[in-house]
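Throughout, protein chains are lettered first and strands after them, A, B, ... in sequence-line order, and every chain is numbered starting at 1.
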Protein chains: 2
Amino acid sequence: MEKTPHSEKRDSYHHGDLRSQLIEATRALVEEKGPDHFSVSEACRRAGVSTAAPYKHFKSKEEMLHAVALAGMVRQREQMLAELETCTPGTLDRIVAMGRVYVRFAVSEPGVFRLMFGLSEDHADHVDLVETGDNTFAVVQREVARCRGSMTVEETDVHQAFLLWSFVHGLSFLMIDGKLTDTKMPLDLEHVLVDIAQRVVGQGR
Amino acid sequence: MEKTPHSEKRDSYHHGDLRSQLIEATRALVEEKGPDHFSVSEACRRAGVSTAAPYKHFKSKEEMLHAVALAGMVRQREQMLAELETCTPGTLDRIVAMGRVYVRFAVSEPGVFRLMFGLSEDHADHVDLVETGDNTFAVVQREVARCRGSMTVEETDVHQAFLLWSFVHGLSFLMIDGKLTDTKMPLDLEHVLVDIAQRVVGQGR
DNA sequence: ATCTGAAGTTAGTATCGCTAACATATGTTA
DNA sequence: TAACATATGTTAGCGATACTAACTTCAGAT
């Protein structure tokens, strides 16, 4: 009674793992075609089920995309924490590392990144998305405070963390939008990240 | 033989001004429903024509959205140049003013702003979009150079202009995505813009 | 052994993007 | 002025899509 991996034919009427396989199919399609050209039908074809099946697990197309977006935020956060492990505490290195992860994620998963931020969906009413985002942002704030040698987050830390976030967020979008062709804007990412970290965190205020 | 304004019934078989009215209807709908919930049919209803009519003027839905995006970029650029008129040359004021316009545009026309940047469409192959964007960016570079007291744009100016652009771009997206609820992040936009301008342009490198 | 509910299916609806074929008006030219 | 060519509308229809309703399958609890 082997379970069906990916999109192969089932031997049993029930699928067994449809929800997570639909999420994976959705994620893959969002990357391949872009979030605005994703279709539920195609995800169904990949998962090898009828087009009505998803509605036993999600109440709409939007909810499927939402699940993918949430998984993306969690992944992004995990990558961030992992990268932090490699840097010594209280240094600018850690700020730079977080920015590197942010941009790297956007570039390697532009479809999901757009889902997480670029869509017109009002994310404000999706509590889980907001919470995960806040959670990640809190990590940045903490690191900024530590650069100051403080263990508690003050208002200046929030301010600086916010400047950093805006910057890497914009940088990520510009990169995945192809606004930075190598010809007209040769970009040394590492250099830029260090530069901005110094300008923002390196000199207080 | 009065021409039909907006979506009222025509007295003649031909519309007379369909192309521009479709663009306007598209723009309005993109704002109201978001770029991802725009439909050609609905634009047709607004313009008071059949659903096949647009295809005499645009070859696809994408091209309609593209036209709206382009118009948006032009509008944004015009607002920028207008605002510059009000500031004395060679001052940080001008940098701040451009940032203010950028963010203000995004906030007041989030739908169009997302069309201009947030979509997965590969804008790189739409020459007109790229050119308009480059054109606007060149203005920023020039202003940065002038802050240095130089009339010619050097590499450092390009670098700094790029940092500024990334920042306001990210800030704009975070704002329209509702990531900055007033409660958790009370944002004094003007203060933030001045701060970032000083950090980036105010001290060379 | 039966019942119940979760998780599939088929079939069908409304909407959408787009095309083909046809209709109408307008401006050019004989 | 009449005929034609062209631009710009229309209707009708196709295939894809999101979603629902009603039915089927199957596993687990009693």
Side-chain angles (χ1 to χ4, degrees), chain A residues 1-26 29-30 32-68 115 119-121, chain B residues 1-26 28-30 32-69 115 119-121:
Chain A
M1 181 76 77
E2 41 180 7
K3 290 299 170 190
T4 54
H6 304 92
S7 62
E8 293 166 24
K9 278 167 201 159
R10 271 165 289 154
D11 46 349
S12 76
Y13 185 86
H14 288 291
H15 187 288
D17 187 31
L18 184 54
R19 190 188 147 88
S20 66
Q21 271 194 42
L22 276 177
I23 291 183
E24 170 52 22
T26 300
L29 280 170
V30 160
E32 288 171 32
K33 322 253 181 180
D36 44 343
H37 291 100
F38 160 76
S39 87
V40 176
S41 315
E42 199 161 354
C44 290
R45 264 170 251 137
R46 289 220 179 168
V49 295
S50 75
T51 62
Y55 298 93
K56 301 293 175 179
H57 300 272
F58 306 91
K59 67 182 224 288
S60 68
K61 171 181 180 175
E62 259 66 33
E63 201 175 288
M64 293 175 68
L65 292 172
H66 173 80
V68 171
L115 258 195
L119 244 54
S120 70
E121 295 290 311
Chain B
M1 177 75 81
E2 41 180 8
K3 289 298 170 190
T4 55
H6 303 92
S7 62
E8 293 165 23
K9 279 166 198 158
R10 272 163 290 154
D11 48 348
S12 75
Y13 185 86
H14 288 289
H15 187 289
D17 188 29
L18 184 54
R19 191 189 147 88
S20 66
Q21 271 194 42
L22 277 177
I23 291 182
E24 170 53 22
T26 299
L29 281 170
V30 160
E32 288 171 33
K33 321 254 181 179
D36 42 346
H37 291 100
F38 160 75
S39 86
V40 175
S41 314
E42 199 160 355
C44 289
R45 264 170 252 138
R46 287 219 179 171
V49 294
S50 75
T51 61
Y55 298 93
K56 301 293 175 178
H57 299 273
F58 305 92
K59 69 183 223 288
S60 69
K61 171 182 182 175
E62 259 66 33
E63 200 175 289
M64 293 175 68
L65 292 171
H66 173 79
V68 171
L115 259 195
L119 246 54
S120 69
E121 294 290 311

| field | Cationic N near anionic O, under 4.0 Å, B:Lys33 to B:Glu42 | value | yes
| Contact check, side chains of B:Leu18 and B:His57, non-hydrogen atoms, under 4.5 Å | yes
| CD of A:Glu63 versus C1' of D:dA18: gap in Å, rounded? | 14 Å
| query | Rounding to a whole Å, what distance do you find between A:Met64:CE and D:dT17:P? | reply | 13 Å
| query | Taking only side-chain nitrogens and oxygens of A:His57, does any of them come within less than 4.0 Å of OP1 or OP2 of C:dG8? | reply | yes
| task | Starting from P on D:dT17, measure out to NE2 on A:His37 and report it in whole angstrom. | result | 12 Å
| query | B:Phe58 CZ to C:dT19 C1': how many Å, rounded? | reply | 18 Å
| Once you round it to whole Å, what is the distance between P of D:dG9 and CG of B:Leu18? | 5 Å
| field | Nucleotide D:dA21, atom P - distance to NZ of A:Lys59 in whole Å | value | 15 Å
| query | Between C:dC22 atom P and B:Lys56 atom NZ, what is the distance in whole Å? | reply | 13 Å
| field | Flag, side chain of B:Lys61 to backbone of B:Phe38, donor-acceptor distance under 3.5 Å | value | yes
Kindly give the atom pairs (protein nitrogen or oxygen, nucleotide nitrogen or oxygen) under 3.5 Å for nucleotides 14-17 of chain C.
from	atom 1	to	atom 2	distance (Å)
C:dC16	OP2	B:Arg45	NH2	2.7
C:dG17	OP1	B:Val40	N	3.0
C:dG17	OP1	B:Lys61	NZ	3.3
C:dG17	OP2	B:Val40	N	3.1
C:dG17	OP2	B:Ser41	N	3.2
C:dG17	OP2	B:Ser41	OG	3.1

